[in-house]
Amino acid sequence: MDTVDAERRLPERTRERLRNRVTSTGERDELEVTAPYTGERVGAVPLCTAEDVQTAIERARAAGAAWAERPVEQRAAILQSVADEMLDDRAGLLDTVQLETGKARFDALEELLDVVLNADYYARKGSDYLAADERTGGLPLVTTATEYHDPVGVVGLIEPWNYPLTLAISDMLPALLAGNGVVLKPAEATPFTALRAVELLDRAGVPTDLVQVVTGRGETLGEPLVEGIDHLTFTGSTATGRIVAGLAGQQLVDASLELGGKNPAVVLEDADIADAARGIARGAFANAGQLCISFERVFVDQRIYDDFRDALVRATERLDVGASFDFEPDVGSLIAQHQLETVQAHVADARERGATVETGGQRREDVGPLCYEPTVLTGLPADADAAREETFGPVLSVTPVAGSEEAIARANDTDYGLHASVWTADTERGRGVARQIEAGSVSINDGYLGMWASTDAPMGGVGDSGIGRRHGRQGIEKYTETQTVTTQRGPPLAPVDGVPKRWIGRAAQAGVEVLRWWRRHRPGGP
Ligand code: ADP
C-alpha cells in the first residue's frame with residue numbers, strides 16, 4: 001500500500017472532534033498515532049496527566065449518581081441504541097480500527113459484531129442479574145433475606161491495542177447498565193478507535209459525562225486511575241497486569257484482569273483433519289496472531305500427525321497477507337516494531353534450536369513494514385522461546401504426541417490458562433479432554449469464535465492468564481456491590497433477661513440441628 005490516505009479514513013475535522021472528547025484540563029503534550037500499514041501519521045491526542053485522571057473520575061462519579069437513578073429498562077434501551085449506532089457507522093469504525101491497528105478488515109468486523117452481541121445480551125439479560133433477589137433467611141418463617149446489587153461507583157478500564165473497539169466497549173457496557181460511571185484509558189496506539197466508539201455511545205443517549213476518556217501513557221495514568229476508582233477492568237500483558245493488580249491491591253479495589261496466554265489446540269486421532277487444519281489456522285492467525293485467545297501450540301496424535309501437518313501447512317499457505325481496507329486479505333499487519341521483533345526473535349531462536357519452518361518465517365515488507373507471514377514450526381524443543389513464552393504473533397508450533405493423555409499433559413505444561421481447543425469426531429470424549437485442560441475456556445471443534453460469541457457464558461483466564469471473568473452473570477455482577485438486607489419477625493435474636501445462657505445455648509443448638517434435619521429432608525431436596 002502506498003498510502004493509507006488518513007485524511008480520507010479519518011478526516012482532520014473528525015480527529016479534532018474526537019480529541020475534544022478527551023478529558024484534559026489544560027495544554028498537554030501530544031501523543032502521536034501512526035498507521036501500521038505504512039508508518040504514516042494518523043494524528044495526535046493529548047498526553048493526559050494525573051490531574052486529568054482525577055477530573056475524569058470526579059465527572060464520571062457525579063454523572064453516575066444521576067444515571068443510577070434511571071430505571072434499568074431505560075439504560076437497557078440505550079444499550080440497544082449503542083448496537084444500532086455501531087452498525088450504522090460500520091464503514092467508518094472499521095476504517096478507524098484498521099488505520100490504527102493494521103489488522104485485516106474481517107478481524108475488525110469481528111470486533112464490531114462482538115460489541116453488538118454484548119450490547120444486545122446485556123440489554124436483554126442485565127436487568128435480571130441486577131434485580132433484587134430473595135434468599136433463604138437464617139430462620140424459616142422468621143428471617144427474610146434480600147440481596148441487592150448496587151453500582152460500585154466508577155469503573156476504570158485500561159485497554160490494549162489488539163482489539164481496541166470491542167475490549168473497550170464490550171467490557172464497558174455491563175458497567176454502564178449496572179449504573180456506574182466509567183473512565184476509559186485506551187492503549188497508546190489506538191485512541192481514535194476508542195474515541196470514535198465513545199462518540200457513538202454519546203449519540204445513542206449515554207450521558208456525555210458518564211463516560212470519560214483519558215489518553216496517554218499507562219505508566220503515568222495507571223496509578224491515579226486505580227487510586228480513584230471502585231473497580232478496575234484491565235486487558236493486556238501479564239507483566240503489566242501484575243503491576244496494576246498490585247496498585248489495586250494497595251487500594252483494596254476489586255479488579256478483573258484478562259492477561260496473556262500460550263493457548264494449546266489438541267487434535268485427537270479421530271478428528272476431521274481438514275476441518276481441524278482450517279479451524280486451527282484461523283484460530284492461530286486471526287488478527288495476525290495478536291489475540292489473547294489465539295493458538296500458539298498444537299499437539300496432534302502421532303497417528304495422524306503427517307496428514308494433519310500437511311493439511312495445516314496447506315491451510316496456512318492459503319491465507320493471504322495484505323494491507324488494504326477491503327475484505328480481501330486474511331492476515332493483516334502487526335501493530336508495531338516491538339511486536340515484529342518478538343516474532344522474529346522467536347522464529348530465530350526456533351531455527352537455532354533445530355526447529356523446521358514448514359511455511360512462513362519471513363517478513364513481508366513488500367506488503368507493509370510490519371507484515372509477517374503466518375508461520376508453522378515443527379520439531380520445536382519444549383524449552384524454546386516460541387514453545388514457552390507468548391509470541392503474540394503469527395507463529396504456531398505443531399508437535400506429535402502419543403495420545404490424549406500426553407496431549408493434555410503438554411497442553412497444561414504452561415503457567416498460562418486462557419483458552420484451548422480439542423478436535424475430535426466424538427464430542428463427548430472431547431468434553432472429557434476439555435475438562436482436564438487447565439484453561440478458562442475450551443472450544444471443541446472450533447477455534448475461538450463460538451466461545452467468544454457465547455456472551456451468556458463467562459470467559460477469562462486461570463493462572464498467569466488472569467483473574468475474573470467477562471460475559472454472563474459474572475460479567476456484570478463484578479460491577480456491583482452486593483448488599484444483603486434481612487428482616488426479623490417477632491423479637492430480636494438476643495438473650496432474654498432472666499433466662500440462663502446455657503438454656504438458650506441448648507435451645508439454639510437444638511434449633512440448628514432441627515433446621516439441618518429439615519433442610520436435608522424437606523420435599524424438593526436440600
Ligand atoms: P502491550 O505490552 O501489549 O502493549 P500492556 O499490558 O503493556 O500491553 O498494555 C495494555 C494497557 O495497559 C495499555 O492501555 C497500556 O497503556 C496500559 N499500561 C501499560 N503500563 C501500565 C502501567 N504501569 N499501569 C497502568 N497501565 C499500564
Side-chain angles (χ1 to χ4, degrees), residues 22 29 31-34 36 45-50 52-54 56-57 100-103 155-169 171-172 182-195 197-198 212-229 231-251 253 255-262 287-294 296 333-343 345-346 370 389-394 416 418 461 464-467 470:
V22 175
D29 289 343
L31 175 65
E32 293 284 320
V33 178
T34 53
V45 290
L47 270 169
C48 290
T49 61
D52 298 334
V53 173
Q54 281 149 10
I57 294 171
E100 286 188 316
T101 63
K103 65 173 67 188
V155 172
L157 299 134
I158 301 181
E159 298 296 350
W161 45 261
N162 65 329
Y163 280 75
L165 173 59
T166 190
L167 292 175
I169 305 302
D171 282 348
M172 182 194 294
V182 305
V183 178
L184 168 64
K185 208 305 272 171
E188 287 82 336
T190 53
F192 286 113
T193 298
L195 288 163
V198 165
Q212 301 285 320
V213 185
V214 285
T215 49
R217 302 255 171 249
E219 297 81 353
T220 319
L221 306 183
E223 202 165 331
L225 182 68
V226 178
E227 266 173 17
I229 55 173
H231 181 99
L232 171 69
T233 288
F234 172 86
T235 307
S237 63
T238 299
T240 307
R242 286 188 206 281
I243 296 173
V244 296
L247 294 173
Q250 284 296 322
Q251 300 295 328
V253 165
S256 36
L257 318 165
E258 202 241 86
L259 310 174
K262 190 76 198 169
N287 215 40
Q290 302 168 116
L291 167 60
C292 39
I293 49 180
S294 64
E296 298 198 351
S333 173
L334 295 170
I335 187 140
Q337 185 64 24
H338 61 84
Q339 285 302 120
L340 178 66
E341 282 166 12
T342 307
V343 168
H346 281 196
L370 302 171
E389 293 169 18
E390 184 176 42
T391 309
F392 218 57
Y416 292 111
L418 192 54
D464 285 0
S465 291
I467 298 174
R470 63 164 62 90

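As the structure lists them, so they are numbered: ligands from 1, and atoms in each ligand from 1.
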Which atom pairs, nitrogen or oxygen on both sides, join ligand 1 and the protein at under 3.5 angstrom?
from, atom 1, to, atom 2, distance (Å)
ligand 1, 3 (O), W161, NE1, 3.3
ligand 1, 4 (O), W161, NE1, 3.1
ligand 1, 6 (O), S237, N, 2.8
ligand 1, 6 (O), S237, OG, 2.8
ligand 1, 6 (O), T240, OG1, 3.2
ligand 1, 7 (O), T240, OG1, 3.1
ligand 1, 14 (O), E159, O, 2.7
ligand 1, 14 (O), K185, NZ, 3.1
ligand 1, 16 (O), K185, NZ, 2.7
ligand 1, 16 (O), E188, OE1, 2.7
ligand 1, 16 (O), E188, OE2, 3.1
ligand 1, 24 (N), G218, O, 3.3

Which pairs of donor and acceptor atoms, one on a side chain in residues 157-168, lie under 3.5 Å apart (sequence neighbours left out)?
from, atom 1, to, atom 2, distance (Å)
E159, OE1, T235, OG1, 3.4
N162, ND2, Q290, O, 3.1
T166, OG1, D114, OD2, 2.6
T166, OG1, S170, OG, 2.8

Under 3.5 Å, which donor-acceptor pairs link side chains of residues 219-229 to any protein atom two or more places apart or in another chain?
none

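For S294, the side chain to side chain contact (heavy atoms under 4.5 Å, CB included) partners at least two apart in sequence or on another chain are L291.
Side chain of E188 to main chain of G218: a donor-acceptor pair is present (N/O by atom type, distance under 3.5 Å, no hydrogens or angles). Panel note: side chain T215, backbone P191; no donor-acceptor pair is recorded below 3.5 Å.
Residue E341 places its CD atom among more than 12 non-hydrogen atoms of other residues, nucleotides or ligands, all under 6.0 Å distant.
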